[in-house]
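Encoded as structure tokens, the structure appears first; notes follow it.
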Amino acid sequence: MKMKMVSDGYIPLFETNKFKGRVMYRLFSVSIFMGIFFILAYRVGHIPGEGADGKWAWIGLFAAELWFGFYWLCTQALRWNCAYKRTFKDRLSQRYENDLPRVDVFVCTADPIIEPPMMVINTVLSVMAYNYPPEKLSVYLSDDAGSDLTFYALVEASHFAKEWLPYCKKFEVEPRSPGAYFLSISDPIDVEEAKAFVAIKKLYEDMESRIRRAANVGRLSEEQRSKHEGFSQWEMYSSKQDHDTILQILIDGTDLNARDVEGCSLPTLVYLAREKRPRYSHNFKAGAMNALSLCEMLFASSWIIFMDEEKGYEIAFVQFPQNFKNVTKNEIHGSFRENMEVEFHGMDGYGGAPYIGTGCFHRRDALCGKKFDRECMGEWNRENVTKREESLHELEDKSKVYASCTYDENTLWGKEMGLKYGSPVEDLITGISIQCRGWKSVYFNPERKAFLGVAPITLSQLLVQHKRWSEGNFLILFSKTSPALYAHGRISFSLQLGYWCYCFWAPNCLATLYYSIIPSLYLLKSTHLFPQASSLWFIPFAYMILSKYSYSLLEFLWCRGTILGWWNEQRIWLYKRTSSYLFGFIAAILKSIGFSDSAFVITAKITDEDVSERYQKEILEFGASSPMFTIITTLAGLNMFCFLGAVKQDKGKMPSSLTLQSIGFALFAFTYQEKEMGDGRGLDCLRLSCGSVFSGSALKPPDGIEFEVELPRVDIFVCTADPKIEPPMMVINTVLSVLAYNYPTEKLSVYLSDDAGSDITFYALLEASHFAKEWIPYCKKFRVEPRSPDAYFLSISDPNDVNEAKEFKAIKKLYEDMENRITRAAKIDQLTEEQRSKHKGFSQWDSYSSIRDHDTILQILIDGRDPNARDIEGYSLPTLVYLAREKRPQHPHNFKAGAMNALIRVSGKISNGQIIHNVDCDMYSNDSQSVRDALCFFMDGEKGQEVAFVQFSEGFKNVTKNEIYGSSFRVGMEVEFHGLDGIGGPPYIGTGCFHRRDTLCGRKFFKECTSKWYKENDLESEESLHGLEAKLKVHASCTYEENTQWGKETGLKYGCPVEDVITGLSIQCKGWKSVYFNPERKAFIGVAPITLPQTLMQHRRWSEGNFLIFLSKYSPAWYALGKISFGLQLGYFNYSFWAPSCFATLYYSIIPSLYLLKDVPLFPQYSSLWFIPFAYVISAKYSYSLVEFLWSGGTILGWWNEQRIWLYKRISSYLFGFIDAILKSTGFSGQAFVITAKVADEDVSERYQKEILEFGATSPMFTIITTLAVLNFFCFLGVVVMKITMDAAGVRYLDRMSMQIILCVVMVFINWPLYQALFFRQDKGKMPSSLTLQSIGLALLACTCFVYLQ
């Protein structure tokens, strides 16, 4: 049936979008071209004269630079016209569901040792489970090793598929490779799905164990061979290179009995090991693919693109990108990131992505040699030509001839039909030949990667792989199908250039080697080969280097790489060019003149465990001798020697004999240290000493803290204030995470301060105290991380170990039961009598009046001193205490500071830990070792005595990829706090902090005083639990602090919304220092605000509090003068001046834009020299800001969002914070404390995950933001309409007003999401209509008054 046009008009199945930044890139490319021109001009014009030293080196550099310039021109084809495709799968289903073509999927393997059978069948099962009609799907496995182990694995997979395929369809599984799926998912929540999950996983694990057992012994038992008659074909098997064709149809899709467990049809599944004979060339993968093609079946196709009515008929193949599941974060061996994300899109823009051998969908007739004909349309829904009367055995025997060694003889197979023979890159040359026949190809790079493979994990594997590719690509250049000659006139010139880039990989080695050797060697002779820094000719060289590598870095980061990943990419680029490409170049020349034959090296997919471990740690793997390593190491050594020689050339240099002697002694000393200490301690000492100099990290000896017995007691404070905003389940997850610290339990006490005095929270803590008896031993036994139960169960799937899996399910069941009970009680907001009867402590709520009027409630739920307080393993438990301090309406309770001070007093009478650690209730511990990290600073013999507190960085579990609200404080945590740490002390930020108790209690620092960490528990233990609770209630009463220094000189300071910062500052002013520790694994993970009002309100409180500190007795300007370093004072100024910075920002956001309407310039003209400092400051400031943000692990879009939120905070939060601070300091306003909500509606959360700004409610802060946004938009329109499009002097206007226009345009662009919320969005998170009208009215009024009344 021919494809039919839709009667109501053409509706495309895919669309092509051009890269939006291509104009900017083309301008940049022009500047690079000019730089290349000037460099070549310099070389030609400054050739040294006859007899001058370095003349031939100079000419060689000119030749190398000429080559680099030519190669750069070729690379422009890969970036000049990038195209991006998007498909519409829903339209395909609607239009062609009954007309879909048959799809044949080819999977190739060649060695069961290098490519294990379990890996192969995971791939087979993933494609068998495609979301496609199974009767139209066939999967073929080509096994070029002819291995009975691989066949056995496929037989097992054919049985498992009957269960796996219906499971995938029923539960919409992704990914559909069983191995990848079970690794990526934990137990489903739905009961039915969980039951099915456990059953299918058990089947998979049983199959896996059978296959692995057979692979380990290297042979099959008679019982296993008896399971399928196909094993009889191995009776004639001689060797891998000498055997008959083995063809087995394991599932016949045409057979009505081939059904899965649900009764649905199954895809066809075929095993093929083509005939091999020593005297016949088997042509490697190309031969295997052609043998598969000859079985008269349809090759796999991506029909959503092929079946487009207007453009689909000209497409020969659709190439998907290669992606890898095992690539490390910083890609130690480099990646194909830029190829896949940029270069292939560039070739796609000219109609031809290359075929790269995997993840590709072909049109069968194009692969079989057919030329493109515009008149011919695809007939997709053909009748099944494989329906025959013969039996399955007859069909198998009949088809074997197509996979014989002699079938290709005297045919066009391997020449004009199928994949081309004679090239190590049969895929690339085949793709070129198809395109030269008039066909086009498509590159499709979906957001969810379609195929995941395995990348090489050793340097030798990588270099051998690139040697084969560079050799093959260079051979293509000299072949019949050369993109230089054969392709001329058949494909576009730009596409030719694109192919040249890959064909010229090999000859690139010569210029790169020359540049890597000659300039360094001439350093030793003091012969300059480049212009001096004072010469004008230096500029093009400097520009080329800076711009080329800056662009390369930005492109790599845009492709979602990291800075370190880019640096690794440059290293591997050098290694490949100086080794792989050199050997590839030599091999290609030898083969082209007949001195060598073609070979194919398979990249290993498995490695030793220690190799994998080093790879995960991103340590380069050498380990074996190789000619390529000889070149790399020789070049590295040569350049180091040249550098050393250039640094010191006078007679006073170190004698060479002494240099060698010292190196020898150093190596001997290190070897001796390693041998004497054993267990790698010598290496540990080296690592520790380097770490102390370079990383500033907490250093822990290999066996933990040196004096385990002398560890101090640690009291942990968790604070909560509202069970609605801070749900009890969140609170107890935090409590359980710190209860389970890897620390002696008898020295650990946890206190929960509940400022709401909620019986629901107490009930939740009571439940947690019971659950802790199971949870703590489980964490220790299996070394659980993180130790918040909720976070742990969300992050892990079922363990593989049978015993661990059993305990995992049991502990998870206990947690879920507890969660159900607590959530149910919180939902109805009351407890049953049965629940109240479980603990005597509930009686204290009998006299409870309200959240602001109740007695002290103190309950010791676990008494660590009690010998009966044991977990299920019989070990002691940490102390656990609940406290709701007394509240009365007539007494101020001083918010969180008051709660912390009450805890300090109460804990001092119960456990009296020398270290106090406080965390917010929404910030669970993510690392059970963090308490030991902190003690490394406190207990250091040299510097520990001066440390008052250790502040850890904050992490957030719910921050989106691009941080729509800038909530991660990325630059603050990764840069600014490290800066403060370098000058004596980061601030105390209220959570994730470890304190020395006596510093919190007001003690000053004295150098002579040292801490004695180990103390006997000097607290009374004779007193009963009930008596102790009653006795201690007075310490949490409203009146206890009257006429004392609490809140002034003792404990946390009162009277400030940021009690943490002012307390930390006062401690530092007493002579103490603080430490900032930012470990690689975040120690604490919290919840960030997910709406704009929450974010702005939070910053309003912080900016108000920081400014109040500046105006207070403890101001960093006067109180801290002389008590802390001036640099640290400036650091505190940075936060104290948040609030007053609102005025300058408001002025800059309004006045320049308004003066655009009156044609009054406020900045220098573009043509003026005074324009330069403005332009430099703006470009330098924001370029540095972007690089800093990216270095901190952010994204470019995340940085842009950060700039928007920075603007919104300054013009709203900081303005209201400033006003509040002034009113409070003058006595016109009282103190308030707003808790940030930790829960939100489902639709709000959904919009947050999609990174859509959330407004939804009216707010005075929104009025300011929207009015300014609309005002700038009106000013921009005024400029466009009245001044540029209508004014004849528009160019002069642009010159005069350029800075103001740029500022206004930036304001408009940065507010684009706000305009969407004002005018386009219809969801509940949009800007309220009343606020929209109000802001438009105010903006119009401001513009009108400014223009006509001034």
Side-chain angles (χ1 to χ4, degrees), residues 20 964-965 1092-1093 1096 1142-1163 1178 1182 1197 1200-1213 1215 1251-1287 1290 1293-1294 1296-1323 1325-1350:
K20 295 179 181 178
I964 187 67
Y965 297 122
L1092 188 59
L1096 297 180
C1142 66
F1143 295 109
T1145 309
L1146 279 165
Y1147 196 88
Y1148 242 75
S1149 304
I1150 299 170
I1151 300 304
S1153 298
L1154 285 175
Y1155 271 92
L1156 278 173
L1157 301 176
K1158 300 192 74 173
D1159 200 1
V1160 176
L1162 300 176
F1163 299 93
I1178 293 169
Y1182 285 101
L1197 184 54
W1200 183 246
N1201 290 333
E1202 180 81 17
Q1203 306 312 303
R1204 181 187 304 112
I1205 295 300
W1206 175 91
L1207 175 68
Y1208 290 174
K1209 290 186 298 192
R1210 286 205 171 193
I1211 62 177
S1212 59
S1213 301
L1215 175 63
E1251 299 193 334
I1252 300 172
L1253 280 178
E1254 183 72 27
F1255 298 95
T1258 57
S1259 165
M1261 288 192 276
F1262 286 170
T1263 304
I1264 296 173
I1265 293 170
T1266 51
T1267 301
L1268 281 183
V1270 174
L1271 183 145
N1272 276 276
F1273 184 68
F1274 288 160
C1275 293
F1276 173 72
L1277 288 179
V1279 170
V1280 172
V1281 175
M1282 295 185 294
K1283 301 297 180 182
I1284 297 177
T1285 59
M1286 299 171 63
D1287 192 348
Y1293 176 79
L1294 281 174
R1296 190 170 61 255
M1297 309 295 288
S1298 56
M1299 286 286 288
Q1300 280 160 264
I1301 293 173
I1302 291 170
L1303 183 59
C1304 186
V1305 168
V1306 170
M1307 291 292 290
V1308 170
F1309 273 106
I1310 211 165
N1311 280 304
W1312 177 246
L1314 184 57
Y1315 299 140
Q1316 289 179 309
L1318 284 169
F1319 306 117
F1320 304 117
R1321 281 169 53 185
Q1322 296 299 320
D1323 54 67
K1326 70 172 185 174
M1327 192 68 75
S1329 303
S1330 59
L1331 201 56
T1332 302
L1333 296 173
Q1334 184 181 352
S1335 61
I1336 292 172
L1338 288 172
L1340 278 173
L1341 180 64
C1343 293
T1344 305
C1345 292
F1346 185 80
V1347 172
Y1348 295 107
L1349 298 184
Q1350 263 205 340

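In what follows, residues are counted from 1 in the order of the sequence shown.
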I need the minimum non-hydrogen distance between [X] and [Y], along with the two atoms involved.
X       : Y       : value
Gln1300 : Pro1152 : NE2-O, 3.1 Å
Ile1205 : Ile964  : CG1-O, 3.5 Å
Ser1213 : Leu1096 : OG-O, 2.8 Å
Phe1255 : Pro1093 : O-CG, 4.0 Å

For residues Ile1301 and Phe1276, determine if any side-chain heavy atom of one lies less than 4.5 Å from a side-chain heavy atom of the other. no
Decide yes or no for Asp1159 and Arg1296: does some side-chain heavy atom of the first lie under 4.5 Å from some side-chain heavy atom of the second? yes
Nearest 0.5 Å, what's the [atom1]-[atom2] distance between [X] and [Y]?
X       : Y       : atom1 : atom2 : result
Ile1265 : Asn1311 : CD1   : CG    : 8.5 Å
Leu1092 : Ser1212 : CG    : OG    : 7.5 Å
Ile1310 : Leu1207 : CD1   : CG    : 6.0 Å
Leu1154 : Cys1275 : CG    : SG    : 4.5 Å
Trp1312 : Leu1253 : CH2   : CG    : 13.0 Å
Lys1209 : Glu1202 : NZ    : CD    : 5.5 Å

Partners of [X] by ring-ring contact (aromatic ring centres under 6.0 Å, His included), sequence neighbours excluded?
X       : result
Phe1319 : none
Phe1274 : none
Tyr1208 : none

Residues in side chain to side chain contact (heavy atoms under 4.5 Å, CB included) contact with [X], at least two apart in sequence or another chain:
X       : answer
Glu1254 : Tyr965, Thr1091, Val1244, Arg1247
Phe1309 : Trp1200, Val1305
Ile1302 : Val1306
Ile1178 : Tyr1182, Met1299

Does the side-chain contact (heavy atoms from CB on, under 4.5 Å) test come out yes or no for Leu1146 and Leu1268, once each step is laid out? CA-CA 9 Å; Leu1146 279 165; Leu1268 281 183; 3.6 Å; yes
So the salt bridge (charged side-chain N to carboxylate O under 4.0 Å, His left out) pairs with at least one residue in residues 1310-1322 (sequence neighbours excluded) are Arg1321-Asp1323
Please check if the number of heavy atoms outside Phe1163 that lie under 6.0 Å from its CZ is greater than 12. yes
Considering residues, nucleotides and ligands other than Tyr1148, do more than 12 of their heavy atoms fall under 6.0 Å from its OH? no
List for me each residue that meets side-chain hydrogen bond (donor to acceptor under 3.5 Å, both in side chains) alongside Glu1251, sequence neighbours excluded, and say none if there are none. Thr960, Asn962
For residues 1259-1280, which residue pairs pass the side chain to side chain donor-acceptor pair (under 3.5 Å) check, not counting sequence neighbours? Ser1153-Asn1272
Which word best sums up how the rings of Tyr1315 and Phe1273 line up, parallel for under 30°, tilted for 30 to 60°, or perpendicular for over 60°? tilted
Residues in salt bridge (charged side-chain N to carboxylate O under 4.0 Å, His left out) with Arg1204, at least two apart? none
Expected list for residues 1326-1341: side-chain donor-acceptor pairs under 3.5 angstrom, two or more places apart:
residue	atom	partner	partner atom	Å
Thr1332	OG1	Pro1328	O	3.2
Ser1335	OG	Leu1331	O	3.1
Ser1335	OG	Thr1332	O	2.8

